[in-house]
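See structure below.
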Amino acid sequence: MKYQNVYVEAFGYEVAPVVVSSAELEERLAPVYEKLYLNVGQLEALTGIVERRWWEEGHRVSDGAIVAASRALEAADMPADRIEAVVYGGVCRENYEPATACRVAAELSVSPGAIVHDVGNACLGVIDGMIDVANRIELGQIRAGLVVACETAREINEVMIARMLQNPTMDFFKQALATLTGGSGAVAVLLTDASLSRSKRRRLLGGAMKSAPQHHELCRWGVEAAGSEFPGLLRAFTATDSAAVLSHGVELGVKTWQAFLGSLGWIKDRVDRVICHQVGGSHRDAILQSIGVPVEKDFSTFAYLGNMGTVALPLTAAIAEDRGVIKPGDRTAFLGIGSGLNCLMLGLEW
């Protein structure tokens, strides 16, 4: 996978306002901790996550995506009617139909000829959307497109806490742990061709993808029957085998990294920066060690923002640029992995 004419012209993002510490979640889970003889501090110790963010109750994910998209357009000084594609990549959506991207496109007043749709692929949704827009740019179909997403962790965490209190077993605690790492945020990525790029920076060079769909049962988020006492009703659920995801995810990540370097003709020692999907400390350390990249080349936000799903990687890259961590000219690798399992790595010349 290679591109000659695609630039990431701007990022826009919004961080959710309500700070929720791991200690606060553990306080609500005190009966579970007491029954399982767990010490307070386990959640932070196991994941490296000190706190995460939630939206206020009733917040619409399309509202977050619209704010992020507006900021990206403002940063690039680009009128919305130049946008010819809007792709929403979030796991969290407002309806089965229409696409959440439709409300975002309508509120922005993008070009009436724009392609507007959602892309769903677990935590890879946004960078999969970047590939969708980049392909259209490279083929000459469009000149500018927006990829947007907004994730919310409040609702699924409330469900999970209630279920943990009803089922205070170690097996269920292990299965629930990943859900408690979830954070909330919104991001937008504006991609253009060279003719519309003012800065000629953040050139998207290409990447590589590998899949291992035999592991599709390891990490799931969906709906299930609420129980015999509530016939016909559905409730949200998540289930994650964190240890298996780590083991098989690292194995897939190593294969993808080798394909990624080969595709771009890069050598690992000349990769200046990497941004991983923000799962947590143990996952970050394991993948970097396995591909031979020093942790100093990584920039992470999971400790204070949690795992924001599709939003986590691009929002972290945007913050890294704001703080001067990624500098113009840096060879930067996006290391994405999602349930499925799927792994997508993208290379940018910043």
Side-chain angles (χ1 to χ4, degrees), residues 6-18 53-95 98-119 125-130 132-134 136-137 142-154 183-193 195-199 201-202 204 301 305 308-323 326:
V6 181
Y7 294 83
V8 174
E9 186 66 6
F11 291 95
Y13 62 88
E14 170 81 333
V15 175
V18 181
R53 303 293 187 102
W54 289 358
W55 301 109
E56 299 284 3
E57 290 188 40
H59 179 266
R60 297 180 68 175
V61 292
S62 58
D63 283 342
I66 291 165
V67 169
S70 299
R71 289 176 179 168
L73 292 172
E74 182 179 1
D77 193 23
M78 179 174 290
D81 61 8
R82 301 296 298 269
I83 299 301
E84 298 172 289
V86 178
V87 179
Y88 181 89
V91 172
C92 298
R93 304 186 185 114
E94 292 181 347
N95 306 292
T100 304
C102 291
R103 180 168 184 258
V104 178
E107 293 295 322
L108 294 175
S109 297
V110 301
S111 165
I115 299 143
V116 180
H117 63 82
D118 292 356
V119 166
V126 168
I127 57 175
D128 269 340
M130 291 173 62
D132 181 277
V133 172
R136 296 178 189 278
I137 290 173
I142 65 172
R143 296 170 64 194
L146 272 170
V147 184
V148 297
C150 179
E151 304 289 16
T152 177
R154 173 190 285 270
S184 307
V187 77
V189 186
L190 172 61
L191 296 106
T192 72
D193 68 5
S195 69
L196 285 184
S197 174
R198 293 186 175 188
S199 61
R201 287 189 48 211
R202 308 179 204 88
L204 179 59
T301 59
L305 295 179
M308 295 179 289
T310 63
V311 171
L313 194 161
L315 190 149
T316 299
I319 291 176
E321 179 177 80
D322 289 347
R323 296 184 181 180
I326 307 180

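Not measured: the values here are computed from a predicted model.
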- Would you check if Met78 and Thr192 make a side-chain contact, meaning some heavy-atom pair closer than 4.5 Å? yes

When rounded to the nearest 0.5 Å, the distance separating CG of Asp132 from CD1 of Ile137 is 10.0 Å

* **Side-chain touch Thr310/Asp128, heavy atoms, less than 4.5 angstrom** => no

| query | Can any side-chain N or O of Arg71 pair as donor or acceptor with the backbone N or O of Tyr13 at less than 3.5 Å? | reply | yes

Of all heavy-atom pairs linking Leu315 and Val187, the shortest is N-CG2, 3.8 Å

* Asked: With side chains defined as the heavy atoms from C-beta onward, is the minimum distance between Val8 and Val189 less than 4.5 Å?
  -> yes

**Asked** Ignoring hydrogens and geometry, is there a side-chain-to-backbone donor-acceptor pair from Tyr7 to Leu196 under 3.5 Å?
**Response** no

dist Arg82:CZ -> Leu190:CG (nearest 0.5 Å) comes out at 11.0 Å

Quick check against the 3.5 Å criterion: does Glu9 have a side-chain atom that pairs as donor or acceptor with the backbone of Arg198?
yes

Output yes when a side-chain donor or acceptor of Asp81 lies under 3.5 Å from a complementary backbone atom of Ser109, and no otherwise. no

Taken to the nearest 0.5 Å, the spacing of Cys102 SG from Tyr88 OH works out to 12.5 Å

CZ (Arg201) and CD (Glu321) are apart, to the nearest 0.5 Å, by 5.0 Å

The reported gap from CG in Leu108 to CZ in Arg103 (rounded to nearest 0.5 angstrom) is 10.0 Å

Test side chain to side chain contact (heavy atoms under 4.5 Å, CB included) on Val119 and Val147 and set out the steps.
CA-CA 10 Å; Val119 166; Val147 184; over 6 Å; no

* Ion pair present between Glu84 and Arg136, side-chain N to carboxylate O less than 4.0 angstrom? -> no

Correct closest heavy-atom pair for Ala134 and Val6 would be O-CG2, 3.7 Å

Legend entry - Side-chain heavy atoms of Ile319 within contact of Leu305, under 4.5 Å: yes

For this session: Check whether any side-chain heavy atom of Pro314 lies under 4.5 Å from a side-chain heavy atom of Met130, and answer yes or no.
Result: no

Notebook entry, point to check: So, does Glu56 use its side chain to make a donor-acceptor pair with the main chain of Val18 at under 3.5 Å?
Noted result: no

Has Ser184 got a side-chain atom pairing as donor or acceptor with Arg53's backbone, closer than 3.5 angstrom? yes

Between Gly90 and Ala149 the two heavy atoms that sit nearest each other are N-CB, 3.6 Å

What one should report as the nearest heavy-atom pair of Cys150 and Val61 is CB-O, 3.0 Å

Check: Any donor-acceptor pair under 3.5 Å linking the side chain of Ser62 with the backbone of Val104?
Finding: no

In short, Ala75 meets Ala10 closest at the heavy-atom pair CB-CB, 4.1 Å

CD (Glu57) and OG1 (Thr152) are apart, to the nearest 0.5 Å, by 10.0 Å

Closest heavy-atom pair, Ile142 versus Ala85, reported as atoms and distance to 0.1 Å, is CD1-CB, 3.8 Å

